[in-house]
**Q** 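Okay, handing you the structure first.
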2 protein chains.
Amino acid sequence: MSQQNQIPNINTWIDHLQDESRTALSIDCVIFGYDLDSLKILLINCDMPPHIGKKSLIGDLVRNNESLDDSANRILKDITGLENLHIQQVKAFGDPNRHPLGRVITVAYYSLIKIDDHALIDAENRNLQWIDVNKISTLAFDHLDILHASHNLLKQNVRKHPIGFQLLPKKFTLQELQSLYETILGVSFDKRNFRRKLNAIDILLDLNEMREGLAHRPAKLYSFNQEAFSQKLNKSSFKFEI
Amino acid sequence: MSQQNQIPNINTWIDHLQDESRTALSIDCVIFGYDLDSLKILLINCDMPPHIGKKSLIGDLVRNNESLDDSANRILKDITGLENLHIQQVKAFGDPNRHPLGRVITVAYYSLIKIDDHALIDAENRNLQWIDVNKISTLAFDHLDILHASHNLLKQNVRKHPIGFQLLPKKFTLQELQSLYETILGVSFDKRNFRRKLNAIDILLDLNEMREGLAHRPAKLYSFNQEAFSQKLNKSSFKFEI
DNA sequence: GTTCTTTGTGTCGATTTGACACTATAATTT
DNA sequence: AAATTATAGTGTCAAATCGACACAAAGAAC
């Protein structure tokens, strides 16, 4: 019985896949960087009415035959010069009125990078720049919603996975690490308790070097011990959580 | 300068929004229900080659002018008769080869319902039925991936939000509640420690009733105290976490 | 050598966690 | 009616974790 019912259904799909019921699809990327006690993201000038003059996230239309992940990296390369970033999908945004030119669904991604490690190429000449997350109060389209959703997901993930280290130089002090977590999470930690926790997790490598040249006692430098972390991951008792 | 660069960019968009670079977009819903110690989801027969004979999630194409959330609820109503569910977006799936008829992006949603509270209407005569999550090893398309991502998100959310109660009858025993968490999370809890935790959270209403008629000591019945929970939410010290 | 600034460190009490065993209650069986 | 069976309900202890808290050490600047 159902076999016969199914044929019109397929034809309906084939029709729809070729007609106007298709939808424009874009990707928008929130690229987080960290610098001197502030969390920043990459923004460009929006070139689309009625949002001209506002800033927007790094985004463009998805092409046929590229996966969403591939598309995000292609768009990032095209607009910023950044290549092969480790990206994280956030979610899809699909309000019918979110885009002035018509129905455009967008899929949001975020990534974390060390600002100093990546040269930017403003290939489209759109005033590509780093802006402090806390100084952003308006953005084009629904990009402020996208930013908030991405930042919230980042907050969750940064506490459970050792991704914060991606935002610091390879060698960093414990104060710098604490500052990073405080900035991203918007909370403050007790210095001794923070160090106690990091010491317990035991995935930092003491480099026996100092951050020197400052007018006070020099701080010890550490690096993230990826190897130790990977080994600990196998043990079910191990949990990374800040 | 950039003002002039921008005009071709807009025209490119306008072109693309109307040509073949648009993409088919669908929604797929994972509807979780819980019944007698097993977590189940709603599945229907897949009616599309080459996946005919397999089961699939509840899904269809998104229409113009409906938001993603609205679309999910419209599709659920059309295929299952379920209306106005509280739905949660999971993420978008966009592998170019995920669908046999061509490029179709899908956005996954999940929802939780009490099986007994909702009559199903198999409107498309597609053998709509509840299937035990642990007995599902193949599904059409990439629906197994979607199921796993949805189940993982459910695991996270069920521990942090009081949504598990949606899967139990209004009156339930502590053993039933424990069993629910054990089934969804795939872990087991110590009975006394579990009760101690629920007692500390203090959001259950002791109904002074018993689950009677069984050949052993009867268990006390509780219900979720939504009002107490809402009030506690205001206090920053309160945290729901199983 | 005095001052300034930031680093680095330990303890105590409170809270939370995991592990663990026996009695209470009702239905059923004999 | 007594014994059996099955599940409900309960408390303690030791270990681990958590939050709060203050001062000496190190180097640069003056």
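Given the structure is predicted, the values throughout are model-derived calculations rather than measurements. The sequence lines fix the lettering, A, B, ..., with proteins before strands; numbering per chain opens at 1.
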**Q** For A/Glu241, does the CD atom have more than 12 heavy-atom neighbours from other residues, nucleotides or ligands under 6.0 Å away?
**A**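 Atom CD in A/Glu241 is crowded, with more than 12 foreign heavy atoms closer than 6.0 Å.
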**Q** Are A/Arg98 and A/Asp145 close enough, and set up right, to give a salt bridge (Lys or Arg N to Asp or Glu O under 4.0 Å), and what steps lead you there?
**A** CA-CA 11 Å; A/Arg98 61 173 294 280; A/Asp145 292 338; over 6 Å; no
**Q** Answer yes or no: does atom NZ of B/Lys77 have more than 12 heavy-atom neighbours from other residues, nucleotides or ligands under 6.0 Å?
**A**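 No - once you tally the heavy atoms of other residues, nucleotides and ligands closer than 6.0 Å, there are 12 at most.
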**Q** Within residues 177-199 of chain B, which residues have any heavy atom lying less than 4.0 Å from an atom of DNA chain D?
**A**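 Contacts with DNA chain D under 4.0 Å: B/Lys191, B/Arg192, B/Arg195, B/Arg196.
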**Q** Name every residue in residues 201-219 of chain A that has at least one heavy atom under 4.0 Å from any atom of DNA chain C, in order of residue number, or write none if there are no such residues.
**A**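 DNA chain C contact set from residues 201-219 of chain A: A/Ala215, A/His216, A/Arg217, A/Pro218, A/Ala219.
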**Q** Considering only NZ, NE, NH1 and NH2 on the basic side and carboxylate oxygens on the acidic side, decide whether B/Arg74 and B/Asp78 come within less than 4.0 Å.
**A**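 B/Asp78 and B/Arg74: salt-bridged.
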**Q** State whether the number of non-hydrogen atoms from other residues, nucleotides or ligands found under 6.0 Å of A/Lys114 atom NZ is greater than 12.
**A**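 It does: A/Lys114 NZ has more than 12 such atoms within range.
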**Q** How about A/Leu174 and A/Leu204: do any of their side-chain heavy atoms sit closer than 4.5 Å?
**A**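 With C-beta onward as the side chain, the pair touches.
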**Q** Kindly assign one of parallel, tilted or perpendicular to the pair A/His151 and A/Phe32, based on the angle between their ring planes and the thresholds 30° and 60°.
**A**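 Tilted.
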**Q** Over how many whole Å does the gap from B/Glu241 atom CD to C/dT15 atom P extend?
**A**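 From B/Glu241 CD to C/dT15 P: 19 Å.
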**Q** Measuring only between side-chain heavy atoms, which start at C-beta, is B/Leu76 closer than 4.5 Å to B/Ile27?
**A**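 Sidechains of B/Ile27 and B/Leu76: no contact.
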**Q** If you count heavy atoms of other groups shown closer than 6.0 angstrom to NZ of B/Lys170, is the number above 12?
**A**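 At most 12 heavy atoms, drawn from other residues, nucleotides or ligands, come within 6.0 Å of this atom.
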**Q** Is there a donor-acceptor pair closer than 3.5 Å between any side-chain N or O of A/Thr106 and the backbone N or O of A/Phe93?
**A**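 Answer holds: no.
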**Q** Between which nucleotides of DNA chain D, read 5' to 3', does contact with chain A run, using atoms under 4.0 Å from its heavy atoms?
**A**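 First-to-last contact on DNA chain D, by the 4.0 Å heavy-atom rule, is D/dC18 to D/dA29.
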